[in-house]
**Student:** 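Before we start, here is the structure in question, set down as structure tokens.
All chains are named by letter (A, B, ...) in the order of the sequence lines, taking the proteins before the strands, and each is independently numbered beginning at 1. Just so you know, these numbers come straight off a predicted model, no measurement behind them.
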Amino acid sequence: MDMFTAMHNGLVQMGVPLWLANLVPPLVKSLILLLFILLNCMFLIWMERKVAGHMQRRMGPMRTGPHGIIQSLADVIKLISKEDIIPSGVDRWVFVLAPIVAFAPAFAVFMVIPFGPTLIAQDLNIALIFIAALTSFVVISFLMAGWSSNNKWSLLGAMRSTAQLISYEVPLVISVVAVALLAGSLSLQEIVEAQRQSFWYILVQPLGFLVFLTASLAELNRSPFDLSEAEQELVAGYNTEYSGMRWALLYLTEYANLITFAAIASTLFFGGWSGPVLPPVVWFLIKVYFFIFLVMWIRWTLPRIRVDQLMELGWKGLLPLSLVNLAFTGVYVLIR
Amino acid sequence: MRKFLAEVYKALKSAILGLKVTGKNMVTPAITVQYPDERLDLPIGYRGIPVLLSDAEGNLKCVSCELCARACPVECIEIQSHREEGKKIKVLDVYNLDATWCMYCGLCVEACPFDALAMSDQYELADYDLKNLVFDRDRLAEIGRRQVTETINFGIKTGGEPTR
Amino acid sequence: MQEMVARTESPGIRSEELFVNMGPQHPSTHGVLRVLTRLDGEKVIDAQADIGYLHRCFEKIAEKRQLFQVIPYTDRTDYLAAIHDELVYVMAVEKLLEIEVPERAQYIRFIMSELQRIASHLLWFGTFAMDLGATTAFLYAWRERERLLDIFEAVTGARMLYNYLRFGGVRNDVFDGFESTVERYLKDFEKRLEDYHELVTGNRIFEKRTQGVGVITAEEAIAYGASGPVLRASGVKYDVRKNDPYLLYDRYDFEVPVGQNGDCYDRYMVRMQEMVESAKLVRHGLADMPSGDVMGKVPRRIKLEGDTYARIESARGEVACYLVGDGSDRAYRLKWRSPCFVHLQLLNIMARGGLIADLVASIGSIDIVMGEVDR
């Protein structure tokens, strides 16, 4: 953080008003984060296609750049140059706002994620609550997108994702609470620190991790829980009517959320940036990408679950499991 | 409770089995062919667009008997000819084959008694203009001369195994 | 007829049915099927299939064309199992004209027909898994089918629409090394089948999605005239290959897999087992294939008189052809019985009371080809 403090001090000395000087470092930080997310998302889209391709004994994108590495860039250019279509029956403002509402929280979550011992935009002491609050915000954007599209498939998709996200929020948060109990803190930086001093929490929290993984797959709308955009059932769910850059923003949000969850998973259960020899950032990225690969692997293997079974799994399966896990963790913390 | 745990175990086990299969396939090389760069060999007897064959001197073998046109189920072949004074053989004036109608069934080739018609190995016929898909006599003859793989008249054995 | 669905009504909150057109442009309606669906939330109250988007007047065309010119058209009814439809038409004509088919041609027809069944079921397996969201299984199935199509291509010259059978035999003999190629394929195929079972069949989500979904009872199946895997999954042991043997099916012993519950899972299992049986039959056929001619004696001038009914067991069910001649060289009337059309009528029974996801699974499980439904 020294760089940013120096920047702030320098600006004040140059005679810049204090309020402006206070504003500049956070803006620079968020720009860096935005760039990081966008670049990673583009890479992830390419990676998803490659992983899917090779799992299906195909090559995936091959024709733009070596092994199609700049395929995502080409796609972005295409999407930007596409006509901006707002269908005639839609609720205009809500329709336009929905992708932005979806992207903002996915982006804001990165503020509290530690990339390294000092590499964190803002070390909140209530980081976990902050994350839980922001990620549940996604529901609103999906509902906005589905409702405003004035399309029956979109509406069904929005309803599905609302029910899904709300019910999986509960086991997700409970499984996270168990980790907070172990670390004795809600700050992600301190959770990592606690793991550095003892061990990775996956060792004592295998059940918690399982619940977390399943619930976050559902939160991410990834297969086998991709009900809200189930291609074979709902055409494309809530983003049926979207096209061009608006659609791209919704798509990017999905991948941004994916990075978020991978980052949280590696922070909570796999020691975050801690690791020997290699610099912390590298360790962090390795862990994050391992999770992303795992999620993709699951996506291209499992069939989709049905909507009633989804609810059953959430309330009757994951919730009891996470509560049991929480209880055991509590006992463990007491006798430790 | 026991049922619940059994269910969890079963679900996890089956998922891991599935992951194993996809994982295994991921590390084995792809089986696809990068189409415009590489192509598969066509077997002998492949049915592409019907073409007119020429003899060694480059003259069309067709004698305008119109059997192919009559055999065609979709009537996509149009033939016009005239009889030259003092000669026995008819001269082919127009031979139009509408590739938008043709269903590559090969009945025209089977009907041809003079081996003047063959199913070619041409399958890249895409065009921006429908008019270009009506192949006239000269274009059909041209494609016929380009033919690389051996053409067969049906009723004899096809050769060659599949390449994969 | 319509089931009344209990709704929770509270003052100020009104709920109403949602009418959705599923298709003709929908990713999982297998072509151009349109399902008029009435929904209560996610629940399907009523699902009516609307067909006819692919109608081509096949039966009328068959009256206007010469007999041999109809063969390419029969390919296009069930384009995923074209040999079967060619076979039933060719068999009907041969019956009327009393044409003898040489032994070798019979064997080729037999082997091709069983290979075709494998190809068709493979494609069905892929699309069914795809309907349930397992995309990768879809591409694995296509990989296997592709190799089979290569064999078909080398034999007939085309990948899907073969125009291969002729009255009195087949158009040309198979290529040299046909036996070893097919044998090699079957070996690989059986290995792959284990992968499929690991990837899809045993999967808990798959079981949950298919077991007890889209149930057709044996009575309903018989009443609607279902046949093939759909009928057998309901527990009725009826297979034209056994009950009215044609080609060489009376010479070889094979199992007819039968389900019990008539749900999507049983229909799935029946087809998966049928592929294994087909592979067995192909092996038998390859072992006994005699040498000789592939075309029998066919009269030069064809006079079609009287009427006949030929039926076979296609990949989808009982395909039959009723052919009437009036003494000319063309059919006076041709009637095509397509199993897909029959099975589609069962959609309402299967889908009613289920969820949208079940409707998709049901459509997938009856294995419809719209080309055959509409003809």
**Student:** With heavy-atom distances below 4.5 Å as the criterion, would you say the side chains of A/Leu302 and B/Leu19 are in contact?
**Tutor:** no

**Student:** Under 3.5 Å, sequence neighbours excluded: what are the donor-acceptor pairs made by side chains of residues 102-109 of chain B?
**Tutor:**
none

**Student:** At a 3.5 Å cut-off, give me the donor-acceptor pairs between chain B and chain A, one pair per line with the distance.
**Tutor:**
unit_1	atom_1	unit_2	atom_2	d
B/Leu19	O	A/Trp297	NE1	3.1
B/Thr22	OG1	A/Trp297	NE1	3.1
B/Thr22	OG1	A/Thr301	OG1	2.8
B/Asn25	OD1	A/Arg57	NH1	2.9
B/Pro29	O	A/Arg57	NE	2.9
B/Ile31	N	A/Arg57	O	3.1
B/Asp37	OD2	A/Arg63	NH1	3.2

**Student:** Which side-chain N or O atoms in residues 125-132 of chain B pair as donor and acceptor under 3.5 Å with protein atoms at least two apart or in another chain?
**Tutor:**
unit_1	atom_1	unit_2	atom_2	d
B/Asp127	OD1	B/Asp129	N	3.0
B/Asp127	OD1	B/Asn132	ND2	3.0
B/Asp127	OD2	B/Asn132	ND2	3.4
B/Asp129	OD1	B/Lys131	N	3.2

**Student:** With a cut-off of 6.0 Å (strictly less than), are more than 12 heavy atoms of other residues, nucleotides or ligands near CZ of A/Phe290?
**Tutor:** no

**Student:** Less than 4.5 Å to any heavy atom of chain B: does that hold for the side chain of A/Leu321, its backbone, both, or neither?
**Tutor:** side chain

**Student:** A/Ala132: which residues meet the side chain to side chain contact (heavy atoms under 4.5 Å, CB included) condition with it, sequence neighbours left out?
**Tutor:** A/Val173

**Student:** With only heavy atoms counted, which part of A/Met62 is less than 4.5 Å from chain B, the side chain, the backbone, both or neither?
**Tutor:** side chain

